[in-house]
Amino acid sequence: MTLPTIWRFTSLFTLLVFVTGEPSNRTFPNHFKFGVATSAYQIEGAWNEDGKGESNWDHFLHQHPEVVVDKTNGDVACDSYHKYKEDVKLLKDLGVDFYRFSIAWTRIVPLGRKDSGINPDGIAYYSNLIDELLANGIEPYVTIFHWDTPQTLEAVGGWLNSTIIDHYVSYARLLFELYGERVKHWLTFNEFSQFCEEGYSTGKKAPFKTLVGVGGYQCTHNALIAHAKTFDMYVKEFKYTQKGLIGLSVDTAWAEPKTDSILDKLAAEEEFMFDYAYYLHPIMAGDYPAALKRKINFKSFFQGYHPSRLPKFSRQEKKLLKGSFDFIGLNHYTTSLCSWSTTKFPSPSKLDDCGVKQSQDPSWKISASPWLAQVPYGMRKVLVWIKENLNNPPLLITENGWSTSDSNLDDEDRMEYYKKYLAEVLNAIHDHGCNVIGYTAWSLMDNMEWASGYTEKFGLVRVDFASPNRTRTPKDSFYMYQTIIKNKKLID
Ligand code: PNW
């Protein structure tokens with residue numbers, strides 16, 4: 001048999017299994033990196049120490065403790081502001097290649113606007129953290145904004161007010177100046193969908209506004225422009241000397257058609273457009289998807305919104321947006337089943353604009369977070385969908401994890417989740433050639449889970465919130481992840 005004939009009769013899958021052994025023995029590529037993630041508000045505490053300004057989360061949870069289920073807040077959280085060296089020891093022990101953390105804008109620029117002053121102590125904190133990481137062989141991956149808007153800017157509309165764009169860009173420039181020699185991976189934003197839709201439309205996250213069908217689009221629009229301007233600024237002013245990479249993290253739940261019917265398949269496609277392409281098409285192609293614009297503009301017109309509820313990018317903004325990324329960060333946790341809604345959604349709303357009903361299969365295992373079901377195939381399908389529909393960009397999984405209501409050290413369910421999801425990452429790489437460059441577990445330790453307070457725990461490490469020491473104790477999943485990282489493969 002000639003070689004081409006062998007190629008024709010041997011699927012890529014079979015070949016890869018032949019080359020790499022059984023699927024369960026598959027390894028992560030040599031260049032593949034492992035990390036863990038946290039965010040500033042969720043772990044740091046020290047909310048007003050050493051010159052830090054007030055963020056929207058500080059402000060709203062102090063004013064309205066009742067918006068958090070256990071009426072807690074992030075005033076102390078894991079106290080990482082004081083215990084960062086202990087955190088780095090844990091990271092070193094875990095063996096991660098990188099640590100994804102976020103910088104609190106108000107620690108660096110307390111009043112949000114750079115011209116109102118910067119805070120040397122806050123600057124020193126992250127500088128020390130970065131040095132400590134590097135001294136331990138761990139790369140810092142920095143999220144510039146993980147939802148904690150300076151309250152001074154929130155008070156004048158936050159992300160609804162386009163003046164925030166330039167303040168954000170100045171803050172980002174300062175970070176590149178301060179830390180760019182040492183930080184080579186930047187994420188401009190974490191999950192537009194969560195802080196924009198939930199912050200300004202459905203009112204589940206700070207600033208808890210309910211401008212349904214309008215606020216989320218406006219916020220996303222401004223944040224996308226801030227992202228594009230920051231990317232452009234980095235390329236023009238820093239990239240040549242600092243040689244870093246810039247991406248952003250988007251939230252990518254998989255949308256599975258509820259049945260095999262054409263209609264349900266179309267419903268899932270519609271969900272992808274509103275969940276992924278809405279955010280990713282602008283940064284890849286320079287504008288929102290045409291079908292999304294048509295749909296929202298059409299509905300807006302008949303609802304009496306002139307102009308449309310979906311803002312328009314200028315020609316200059318489109319130019320900046322197009323190709324404004326080095327890699328895409330994916331936060332993936334779960335899957336939903338999609339069908340067309342037979343009951344009406346409130347109108348106007350993003351839900352109504354999309355028109356798709358989402359549900360969970362009753363057989364799925366649900367975590368302590370009601371939205372988070374364990375559906376491992378969703379991980380593979382997301383990676384493959386993005387590869388096939390969005391031109392195979394480099395993908396970094398920036399979050400993936402499982403919540404429990406207790407903090408038990410024998411966290412079997414979390415271990416099962418990680419093993420199954422990581423197996424699907426391997427399948428995406430080996431069977432489908434997805435360009436996945438790394439994986440990040442959420443989270444290093446139990447922390448302040450936003451409006452769920454401390455009731456949903458995502459940590460590989462237990463934190464004793466009853467003790468002023470915030471004592472940290474690794475769970476079984478910590479040791480399992482440690483072994484996976486060491487071996488670059490899954491161990492049964
Ligand atoms: C992410 N969903 O949020 C955030 O980046 C983290 O700060 C957070 O702690 C973590 O996930 C766990 O919740 C999400 O409904 C919240 O699909 C909700 C969803 C996805 C991500």
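Counting starts at 1 for both ligands and their atoms, following the listed order.
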Counting heavy atoms under 4.0 Å, the part of N447 that contacts ligand 1 is neither
Check: of Q42, M448, K205, min heavy-atom distance to atom 7 (O) of ligand 1 comes from Q42
Next item on the list: Please confirm whether F145 and F195 have ring centers closer than 6.0 angstrom.
Entry: yes
query: Is the distance between the ring centroids of F189 and Y168 under 6.0 Å?
result: yes
Open item on the list: Below 30° counts as parallel, above 60° as perpendicular, anything between as tilted: where do the rings of F208 and F60 land?
Closed with: tilted
The atoms of ligand 1 lying under 4.0 Å from a heavy atom of H146, numbered in the order shown, are 4 (C), 5 (O), 6 (C), 7 (O)
- K204 NZ: over 12 foreign heavy atoms closer than 6.0 Å: no
Ranked by distance from atom 10 (C) of ligand 1, the top protein heavy atom is Y333 OH, 3.2 Å
For E191, the ligand 1 atoms with a heavy-atom partner under 4.0 Å come out as 1 (C), 3 (O), 4 (C), 5 (O), 14 (C), 21 (C)
Q.
With respect to S39, determine whether any N or O atom, backbone or side chain, lies less than 3.5 Å from an N or O atom of ligand 1.
A. no
Atom 2 (N) of ligand 1: closest protein heavy atom, distance to 0.1 Å, is W371 CE3, 3.3 Å
So the atoms of ligand 1 within less than 4.0 Å of a heavy atom of N190 turn out to be 4 (C), 5 (O)
The atoms of ligand 1 lying under 4.0 Å from a heavy atom of E449, numbered in the order shown, are 8 (C), 9 (O), 12 (C), 13 (O)
The residue among T404, D411, D446, D410 that forms side chain to side chain donor-acceptor pair (under 3.5 Å) with K475 is D446
* To do: Kindly assign one of parallel, tilted or perpendicular to the pair W385 and Y276, based on the angle between their ring planes and the thresholds 30° and 60°.
  => perpendicular
message = I'd like to check whether T334 has a polar contact with ligand 1, where a contact means an N/O of the residue lying under 3.5 Å from an N/O of the ligand.
response = no
With heavy atoms and a 4.0 Å threshold, my read on which part of E456 contacts ligand 1 is neither
Residue, atom and distance of the protein heavy atom nearest atom 1 (C) of ligand 1 read E399 OE1, 3.2 Å
Please find out if less than 6.0 Å separates the ring center of W254 from that of F272.
yes
task: Determine, step by step, whether F32 and F34 satisfy the ring pair (Phe, Tyr, Trp, His ring centres under 6.0 Å) criterion, reporting the C-alpha distance in whole Å, the side-chain angles of both residues, the deciding distance to 0.1 Å, and the verdict.
output: CA-CA 7 Å; F32 193 91; F34 287 98; 5.1 Å; yes
